[in-house]
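So that the names make sense, note that chain A is the first sequence line, chain B the second, and so on, each numbered from 1.
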2 protein chains.
Amino acid sequence: MGPAVEGRAVDKVAQRRSELATAALETLAELGYARTGLRDIAARSEYSHGVLHYYFRDKVELITHCVREYKARCATRYDEAVATATTAEELVAGFLREQTATLTGEPQMHRLWYDLRNQSMFEPAFRADVAEIDLLLERMVGRVVSRYAELSGARPRVPPTVFYAVLDGLFQQALLRQLAGDPEAASSLREAVQEVLPRLVH
Amino acid sequence: MGPAVEGRAVDKVAQRRSELATAALETLAELGYARTGLRDIAARSEYSHGVLHYYFRDKVELITHCVREYKARCATRYDEAVATATTAEELVAGFLREQTATLTGEPQMHRLWYDLRNQSMFEPAFRADVAEIDLLLERMVGRVVSRYAELSGARPRVPPTVFYAVLDGLFQQALLRQLAGDPEAASSLREAVQEVLPRLVH
DNA sequence: GACTTTCCTGGACAGTCGTCAAGACAGGGT
DNA sequence: ACCCTGTCTTGACGACTGTCCAGGAAAGTC
């Protein structure tokens, strides 16, 4: 077993892990943490339930790996809008478009994020990863806000942490309404963001 | 079995239900929804696990009853501060005192609320009750804000729903930090509220 | 070809889950 | 004395849980 082969083997293993983590993410998003078993996850993949303990030590390690995969998707969501916008209005429009799209397009994935973040309030094993993602999301919001301030020639009036908490609260409320079937959830969110944002940076 | 006796019997039943619901609330707050079984709940009460199906049809009905009990505690939390404050600063001080007290004093109860609210994103059976409590909390925040505006001779700049979402986002972030052991969680929350509030009502 | 290593399956394990029903026990009514 | 009714306990049920393991399948090495 040479180093080159080992390198390829490691990649292969990493790929399987990622493959299984994706199946786990889909299952968790559909059923929620409390109702998801390892057999449900395996059923969604093309393998049997035993393989999960071949690639992951624990259920905790599996879910932790899932959460790490999840962060890669979220952290760059608004980066394009930040990069391409040339005016403040354009940036807000791009931000709202993207936010609305995720709210109506993949609400399951986001209720999973909130579910796992809540689990970390009970299960210390999740806290480190959740905190890491939370920081990533906070920085993402921070980039949007600071660029918005730059384009509109103003200054953020509250720290990035507060911005993140405020926008997260608004999004979570909208998500709850969206999943309850409220057709105006998205438009209410847009309106709220447009009202709040200029008052916190001007 | 006359009506008078029946009336007393109904009270007795209601009292037992309440008693068991209290034990359930304590257990849920400690373990979280995903890890709480009916036997855990019964162990915390002075009865055995079979009695739960004597007073409640389902696990769902039990937890629903819990949530209904929970709301009675929360909805009046800030009412005294609203009633006694004579200046805007006094009202904010009272609000922050109460908010800090609940954050550091009973964080378990609040992570349970967020847990159950998240469960309602997956389990439609919880949605109606969760929505009801959410409305109650929103109105409570609305009372604080409108009184604050009145005392400071200003106007709320965003609707009550937005206020609730914003303050809830800030509180949830603080709760996450509090439970992770951050000693500055409470003071950060106070600071954030004092920064945000005047910018949304002036 | 045989042999070794890696990968994956399927079943078994010890628990726990929600649910239910049979019986014990108490108290009042007749 | 008896039964009746409301309470509560206890044990059991099938289904499900995370975990582990014996062994088959497949792939790679000599």
Side-chain angles (χ1 to χ4, degrees), chain A residues 1-24 27-28 30-66 115-116 119 122-123 125-126, chain B residues 1-24 27-28 30-66 115-116 119 122-123 125-126:
Chain A
M1 190 192 292
V5 183
E6 187 180 285
R8 255 176 293 161
V10 168
D11 287 357
K12 192 80 177 171
V13 166
Q15 187 188 332
R16 267 288 180 285
R17 283 168 66 96
S18 173
E19 193 177 341
L20 292 169
T22 300
T27 312
L28 283 164
E30 186 183 336
L31 302 178
Y33 176 82
R35 282 163 288 278
T36 298
L38 294 182
R39 285 166 181 81
D40 301 315
I41 296 173
R44 190 164 296 243
S45 79
E46 50 177 345
Y47 306 100
S48 81
H49 71 273
V51 81
L52 290 172
H53 278 82
Y54 184 81
Y55 289 102
F56 299 96
R57 189 179 351 105
D58 263 336
K59 187 189 184 185
V60 171
E61 201 201 77
L62 166 61
I63 293 186
T64 293
H65 194 84
C66 287
D115 195 6
L116 292 178
Q119 293 308 319
F122 296 93
E123 184 88 53
F126 294 156
Chain B
M1 189 191 293
V5 183
E6 187 180 287
R8 257 176 291 162
V10 168
D11 287 356
K12 193 81 176 171
V13 166
Q15 186 188 335
R16 268 286 181 284
R17 282 167 65 96
S18 172
E19 193 176 342
L20 292 169
T22 300
T27 313
L28 283 165
E30 184 183 336
L31 301 178
Y33 177 82
R35 282 163 289 277
T36 298
L38 294 181
R39 285 166 181 82
D40 301 315
I41 295 173
R44 190 164 298 244
S45 79
E46 50 177 345
Y47 305 102
S48 79
H49 70 273
V51 83
L52 291 172
H53 278 83
Y54 184 79
Y55 288 102
F56 300 96
R57 189 177 354 104
D58 264 336
K59 188 189 184 185
V60 171
E61 201 200 77
L62 168 60
I63 293 187
T64 292
H65 194 84
C66 287
D115 195 7
L116 292 178
Q119 294 308 319
F122 296 93
E123 184 88 52
F126 294 156

Could you check how far [atom1] of [X] sits from [atom2] of [N], rounded to whole Å?
X	N	atom1	atom2	answer
B:Arg57	C:dG18	CZ	P	16 Å
A:Leu38	D:dT19	CG	P	6 Å
B:His53	C:dC17	NE2	C1'	11 Å
A:Tyr33	D:dT17	OH	P	13 Å
A:Gln15	C:dC8	CD	P	11 Å
B:His49	D:dT7	NE2	P	19 Å
B:Lys59	D:dC16	NZ	P	15 Å
A:Arg35	C:dC17	CZ	C1'	14 Å

Is the closest side-chain heavy-atom distance between A:Ile41 and A:Thr36 below 4.5 Å?
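Result yes, sub-4.5 Å side-chain heavy-atom pair found.
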
Return yes if a side-chain donor-acceptor contact under 3.5 Å exists between B:Arg16 and B:Tyr54, otherwise no.
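Short answer, no.
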
So if I take every side-chain heavy atom of [X] and compare against [options], which nucleotide ends up nearest?
X	options	answer
A:Val51	C:dC8, D:dG18, C:dG18	C:dC8
A:Asp40	D:dT7, D:dA12, D:dT17	D:dT17
B:Tyr55	C:dG18, D:dT19, D:dT7	D:dT7
B:Asp58	C:dT19, D:dT19, D:dC8	C:dT19

Please say whether the positively charged group of B:Lys59, taken as NZ for Lys or CZ for Arg, lies over the ring of B:Tyr33, i.e. under 6.0 angstrom from the six-membered ring centre and within 45 degrees of the axis.
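Relative to the ring axis of B:Tyr33, which defines the angle, B:Lys59 lies inside both limits.
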
Within the 4.0 Å heavy-atom criterion, would you say [X] contacts the bases, only the backbone, or no part of the nucleic acid?
X	answer
A:Arg39	base
B:Tyr47	sugar-phosphate
A:Thr36	sugar-phosphate

Does OP1 or OP2 of C:dC8 have a side-chain N or O of A:Arg16 closer than 4.0 Å?
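It does, given that an N or O in the side chain of A:Arg16 lies less than 4.0 Å from OP1 or OP2 of C:dC8.
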
Is the phosphate of C:dC7, meaning OP1 or OP2, less than 4.0 Å from a side-chain N or O of A:Tyr54?
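For A:Tyr54, the contact criterion (side-chain N or O under 4.0 Å from OP1 or OP2 of C:dC7) is met.
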
What heavy-atom pair brings B:Ala21 and B:His65 nearest, and what distance separates the two atoms?
CB-CD2, 3.6 Å

Between A:Ala34 and B:Gln119, the two heavy atoms sitting closest are CB-OE1, 4.3 Å

Can you work out whether B:Gly50 or A:Ser48 has the more 5'-proximal nearest nucleotide on DNA chain C?
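Its nearest nucleotide being more 5', the pick is A:Ser48.
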
